[in-house]
Amino acid sequence: MSYPGYPPQSGGYPPQAGGYPPQPGAYPPQAGGYPPAAGGYPPAAGGYPPAAGGYPPQAGGYPPQAGGYPPAAGGYPPAAGGYPPQAGGYPAPAGGFPPQAGGGYPQQPGAGGYPSMPPSGGGWGAAPGGYGAPGGAQQGYPGGPAPGQPMPNYPGAPAANPSMPGYGSGVPSNHQAPAISKGFRGSIKDFPGADPLRDVEVLRKAMKGFGTDESAIIELLGSRSNRQRVPMVAAYKTTYGKDLFHDLKSELTGNFEKLVLAMLMTPAHYDAAELREAIKGAGTDEACLIEILSSRSNAEIREITTIYKAQYGKSLEDAISNDTSGHFRRLLVSLCQGNRDERETVDISLAKQDAQKLYAAGENKVGTDESQFNAILCARSKPHLRAVFQEYQQMCGRDIEKSICREMSGHVEDGMVAVVKCIKNTPVYFAERLHKSMQGAGTMDRTLIRIMVSRSETDMLDIRQEYLKKYGKSLYTHISGDTSGDYKKLLLKLCGGSD
């Protein structure tokens with residue numbers, strides 16, 4: 001009887017007459033097989049293993065039958081109640097795998113456990129009665145086929161004429177790969193072997209003479225990380241004795257110029273400049289203040305405040321205080337301290353207490369105590385606040401964002417909601433900000449540039465996923481349809497691709 005995937009043969013597996021190994025009988029071969037019986041492997045008499053009393057033991061197999069390991073009569077597994085079942089184990093003794101005359105794989109007369117090698121004529125396998133069974137009625141493997149039938153769903157066999165037998169190894173074919181960490185989620189990575197001295201030669205050549213080679217600038221800046229772009233400013237001055245920013249401003253215009261200049265600044269210098277731009281002059285860009293202060297880490301905010309003071313001769317806190325008012329001012333001042341708790345551990349009892357405080361300060365009273373929201377949202381750690389939001393949802397049956405929208409209004413509402421969204425899922429927050437910057441008539445280019453530059457090496461891949469999930473359209477496609485020219489080309493470099 002043949003088995004799907006195996007070459008036809010007579011005499012079972014291994015083939016009995018002329019097969020592999022070519023011999024009558026079982027494995028190991030007896031006389032004249034492969035390897036040769038006399039002096040071969042294993043030797044017939046006195047070889048390895050020794051014929052009498054050698055290894056493995058001749059009568060009783062391995063482990064020893066009487067007093068062996070485990071101590072039981074009948075070797076391993078134990079004869080009575082052992083594992084697997086005693087009578088008719090696996091593989092089935094009659095028919096084996098594949099079914100054949102003369103027993104299972106291969107089943108030969110023998111005594112005891114697994115394996116059993118009588119001095120002559122013995123096979124590799126169990127005695128009549130199954131796998132490791134000392135003999136008796138054939139019952140079959142639990143849940144398996146009837147005695148004498150092949151096992152279903154056995155691992156696939158090799159193609160015809162295999163070089164080696166295709167017996168299954170017992171390793172699952174559908175094993176799961178280990179979990180892979182998300183790792184780096186930015187769209188711009190370090191360029192291997194980048195050299196700022198060579199890079200500024202490219203920039204100089206692109207700007208020298210009549211006209212400007214914008215494509216060279218896009219290709220260069222769009223393939224360098226921020227820490228590779230920033231040194232170009234000093235290298236340019238060292239090499240040519242000129243200011244790179246000044247030369248770029250004289251050669252470029254519009255949003256493309258703004259984007260290029262933003263890419264040549266460190267993140268903290270760029271954020272400080274954006275905060276300054278949001279505050280100075282008539283009016284205030286509250287959304288910019290909220291976006292930067294609610295999404296940056298403690299270390300980032302401290303660096304921003306240090307640079308702001310050095311660059312503009314005034315503390316960021318004073319600048320914000322002079323340009324805002326009320327609870328919105330308190331919220332921004334709290335955020336610009338950079339003193340949020342950074343512990344990763346969460347105490348559920350404390351989270352419940354904070355949830356109760358928020359509920360008592362808003363939904364469960366007439367009016368709203370914004371100071372309580374400010375104290376909790378700006379000081380607690382992000383893992384703790386996520387637990388607080390869950391407890392709040394269970395307590396009053398309403399999401400914390402909806403409660404804030406019900407209880408507050410204006411810029412303080414926008415600020416509190418932004419803080420909550422950044423704590424819950426920062427990429428979702430930025431996906432929403434990007435969509436709003438391109439939605440409707442006109443484009444909020446300053447917002448678009450700031451987010452694309454600041455998040456390109458942080459979580460742009462996650463932002464792209466959330467954008468597609470939320471709006472059914474890739475960020476790449478939306479940018480392509482809402483911008484144009486060299487400005488669009490460089491933005492798409494920062495985006496990193498379509499989804």
Side-chain donor or acceptor of Thr477 paired with backbone N/O of Lys473 under 3.5 Å | no
Any chance you could lay out the side chain to side chain contact (heavy atoms under 4.5 Å, CB included) test for Tyr476 and Asp499, step after step, and finish with the verdict?
-> CA-CA 8 Å; Tyr476 190 96; Asp499 297 290; 6.0 Å; no
Nearest-0.5 Å distance, CG of residue Asn255 to CG of residue Leu491 = 8.5 Å
What residue among Glu401, Glu363, Glu413 forms side-chain hydrogen bond (donor to acceptor under 3.5 Å, both in side chains) with Arg406?
-> Glu363
For atom NZ of Lys365, decide whether the heavy atoms of other residues, nucleotides or ligands shown that lie under 6.0 angstrom number more than 12.
-> yes
Looking at side-chain heavy atoms only, is the closest gap between Leu221 and Leu259 below 4.5 Å?
-> no
So, the side chain of Arg340 versus the backbone of Ser381: is there a donor-acceptor pair under 3.5 Å, distance only?
-> no
Whether Arg398 side chain and Ser403 backbone form a donor-acceptor pair below 3.5 Å | no
Thinking salt bridges, do Arg227 and Glu457 make one under a 4.0 Å N-O criterion?
-> no
Determine whether Asp462 and Gln465 make a side-chain contact, defined as any pair of heavy atoms from C-beta on separated by less than 4.5 Å.
-> yes
Would you name the heavy atoms of Thr426 and Cys422 that are closest together and state the gap between them?
-> OG1-O, 2.8 Å
For residues Gln372 and Ala361, report the shortest heavy-atom separation together with the two atoms involved.
-> CB-CB, 3.7 Å
Any salt bridge between Lys489 and Glu214, counting N to O under 4.0 Å?
-> no
Asp347-His384 side chain donor-acceptor pair, cut-off 3.5 Å = no
Just do the salt bridge (Lys or Arg N to Asp or Glu O under 4.0 Å) check on Glu291 and Arg450 with the steps written out, would you?
-> CA-CA 10 Å; Glu291 176 196 305; Arg450 182 173 59 251; 3.0 Å; yes
Heavy atoms only: give me the nearest Tyr308-Ala319 pair and the separation to one decimal.
-> OH-CB, 3.5 Å
Start with the C-alpha distance between Glu257 and Leu261, add both sets of side-chain angles, then the distance that settles side chain to side chain contact (heavy atoms under 4.5 Å, CB included), and finish with yes or no.
-> CA-CA 6 Å; Glu257 174 196 332; Leu261 297 179; 3.9 Å; yes
Are Asn322 and Lys314 close enough that some pair of their side-chain heavy atoms sits under 4.5 Å apart?
-> yes
Distance only, no hydrogens: is a donor on one side chain within 3.5 Å (strictly under) of an acceptor on the other, for Asp318 and Ser315?
-> yes
Between Lys470 and Glu432, is there a side-chain N and carboxylate O pair less than 4.0 Å apart?
-> yes
Check: Gln228 side chain, Ser225 main-chain N or O, donor-acceptor pair, under 3.5 Å = yes
Asp459 and Arg185 ion-paired at < 4.0 Å | no
How far does CG of Asp482 sit from CG of Leu434, to the nearest 0.5 angstrom?
-> 11.0 Å
Polar contact flag, side-chain donor to acceptor under 3.5 angstrom, Tyr236-Asp243 = no
Would you check, one step at a time, whether the test side chain to side chain contact (heavy atoms under 4.5 Å, CB included) holds for Lys493 with Glu219?
-> CA-CA 8 Å; Lys493 281 276 191 178; Glu219 187 60 34; 3.2 Å; yes
Salt-bridge present (Asp445, Lys258; N to O < 4.0 Å) = no
Val200 and Ala235 have their tightest heavy-atom pair at CG1-CB, 3.9 Å
Sub-3.5 Å donor-acceptor pair from the side chain of Arg229 to the main-chain atoms of Arg224, do we have one?
-> yes
For residues Leu494 and Met263, determine if any side-chain heavy atom of one lies less than 4.5 Å from a side-chain heavy atom of the other.
-> yes
Side chains of Gln356 and Glu391: is there a donor and an acceptor less than 3.5 Å apart?
-> no
For Ile400 and Lys424, run side chain to side chain contact (heavy atoms under 4.5 Å, CB included): C-alpha distance rounded to whole Å, both residues' side-chain angles, the deciding distance at 0.1 Å, then the answer.
-> CA-CA 11 Å; Ile400 186 70; Lys424 282 184 174 180; 4.2 Å; yes
Write down the atom of His411, the atom of Ile290, and the distance for their closest heavy-atom approach.
-> O-CD1, 4.0 Å
Side chain proximity check, Ile423 to Arg386, heavy atoms < 4.5 angstrom | yes
Parallel, tilted or perpendicular: rings of Tyr467 and His435 (30°, 60°) | tilted
Step through the shown structure and confirm whether more than 12 heavy atoms of other residues, nucleotides or ligands are within 6.0 Å of NZ on Lys352.
-> no
With a 4.0 Å cut-off, would you call Arg380 and Asp341 a salt bridge?
-> no
In Å and rounded to the nearest 0.5 Å, what is the CE to CG distance from Met265 to Asp271?
-> 9.0 Å
Spell out, as yes or no, whether a donor-acceptor pair under 3.5 Å connects the side chain of Glu407 to the backbone of Ile404.
-> no
Phe373 vs His327 side-chain heavy atoms within contact, under 4.5 Å | no
Which one of Val202, Leu248, Asp213 satisfies the side-chain contact (heavy atoms from CB on, under 4.5 Å) criterion with Met207?
-> Leu248
Is the closest side-chain heavy-atom distance between Leu289 and Leu275 below 4.5 Å?
-> yes
For the atom pair CG (Leu332) and CD1 (Ile292), what is the distance rounded to the nearest 0.5 Å?
-> 11.0 Å
Any sub-3.5 Å donor-acceptor pair from Arg329's side-chain atoms to Ile320's backbone N or O?
-> no
How long is the gap from CG on Asn298 to CD on Glu303, to the nearest 0.5 Å?
-> 13.0 Å
Checking Gln393 side chain against Asp399 main chain: does a donor-acceptor pair fall under 3.5 Å?
-> yes
How many angstroms lie between CZ in Phe256 and CG in Asp486, if you round to the nearest 0.5 Å?
-> 5.0 Å
Between Ser223 (side chain) and Leu220 (backbone), is there a donor-acceptor pair under 3.5 Å?
-> yes
Is there a donor-acceptor pair closer than 3.5 Å between any side-chain N or O of Ser187 and the backbone N or O of Leu461?
-> no
Electrostatic pair Glu274:Arg446 at N-O distance under 4.0 angstrom | yes
Minimal heavy-atom distance between Pro231 and Asn226, with the atoms involved, is CD-O, 4.4 Å
Would you call Glu201 and Arg204 a salt bridge, taking side-chain N to carboxylate O under 4.0 Å as the test?
-> no
Given side chains that start at C-beta, do those of Arg464 and Ser474 come closer than 4.5 Å, heavy atoms only?
-> no
